[in-house]
Amino acid sequence: MTIPNLDMDALRTFLATQQLGSLNRAAERVGRSQSAVSQQMRKLEAQVGQPLFRRQGRGLMLTDAGELILSYAHRILDLNDEAVRAVRGASVEGVVRFGLPGDFAETWLPAALGQFKKTHPGVRVEVAVERNGVLLERLDRGELDLVLVMGNESRSDAEPLAMLPMTWIGPVGADIVLTPGVALDLALYNPPCFFRRTGIEALDAAGISWRLAYTTASLQSLWSGVAAGLGITLRTAAGLPSSLKRLGTKEGLPPLPSVALCLHAGHRDTSPALAQLKRVVTECAGANLAAA
């Protein structure tokens, strides 16, 4: 029996349909008509010889065969995309100086940068991990070409990637109890820091007394201080160590806003190497921060 070659475009549409739960929404994402998407799914089902979706209310759910194909579809498309990018990236050369905050330096971004290096061997990426404000200062001085920072979406060069909810953070295994007349211990960055400013403003507006119990200029030091019980802090949940947990209104703490995560390139001319790195960071942010 001849084994059919699965249609790559149909697999992409299949993933979109699974993620969105609707042929109509999948059609909007892939830029096709709903009838064309339906035809793609029928073709894919004919190739594998099994139905891939079943109706559930107004939405679509995967069948057992669909669940099996889903895992293969991710791998097939990842390999396809990696092969194309490797060939295209081999012709791109240059140096890109990239800066990012510590929140992302130990989570998904290192893997993204490693994959970029693999598929773009002619590009040298120099990475700097700094506080948000320092990264923008270095960008404006011409010391960096691209930075990923939080909380500066008003800049004219900001390219928004995601809105990340701020959260209060405390140590795992310890209960935070607000006691009238007793100041809440805080662990915060040294100023200037928009997280620090936002947290203090929220506590003041809620009439909660506080005191600075621990201050630092290092994110790892901040995490260590909170884990040791020296005070609570606020940040996003990105890169949150397992020794820490989110806190919120159930502990009596005031709600916090979200903060924008943006790429900044300072309006400089975009080289092919810089454009490719921006693409990789943008795609990885979308894939890893969608549920943040």
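What's counted below: heavy atoms across the whole structure, side chains too, no hydrogens, waters or symmetry copies.
- When the side chains of ILVMFWY residues are joined at heavy-atom separations under 4.5 Å, either directly or via intervening members, V127 and F104 end up in a single hydrophobic cluster.
- The side-chain heavy atoms of Q276 and V96, taken from C-beta on, include no pair separated by under 4.5 Å.
- Donor-acceptor pairing under 3.5 Å is lacking for the side chains of R42 and Q39.
- At a threshold of 4.5 Å between non-hydrogen side-chain atoms, the residues I232 and D185 do not count as touching.
- Residues I169 and L212 are members of separate hydrophobic clusters, defined by side-chain heavy-atom contacts under 4.5 angstrom among Ile, Leu, Val, Met, Phe, Trp and Tyr.
- Summarising the local packing, CZ of R54 is surrounded by more than 12 heavy atoms from other residues, nucleotides or ligands at distances under 6.0 Å.
- Looking only at atom types and distance, the side chain of T216 has no donor-acceptor partner in the side chain of S218 under 3.5 Å away.
- Between L139 and R155, some side-chain heavy-atom pair lies under the 4.5 Å cut-off.
- Pairing each heavy atom of G231 with each of A187, the nearest pair is O-CB, 3.9 Å.
- Nearest approach of M41 to F14, heavy atoms of both residues: CE-N, 3.5 Å.
- When each of L109, L135, D103 is tested with L148 by the rule side chain to side chain contact (heavy atoms under 4.5 Å, CB included), just one qualifies, namely L109.
- Contact annotation: the side chain of R138 never approaches that of R97 to less than 4.5 Å [non-hydrogen atoms, C-beta and beyond].
- When atom types are taken as modelled, the side chain of Y214 and the backbone of G229 share no donor-acceptor pair closer than 3.5 angstrom.
- Within the 4.5 Å cutoff, side-chain heavy atoms of Q40 are placed close to those of D9.
- Residue A158 comes nearest to N152 through the heavy atom pair CB-O, 4.0 Å, listed as atom of the first residue, atom of the second, then distance.
- Heavy-atom contacts from other residues, nucleotides or ligands closer than 6.0 Å to CG of D64 number 12 or fewer.
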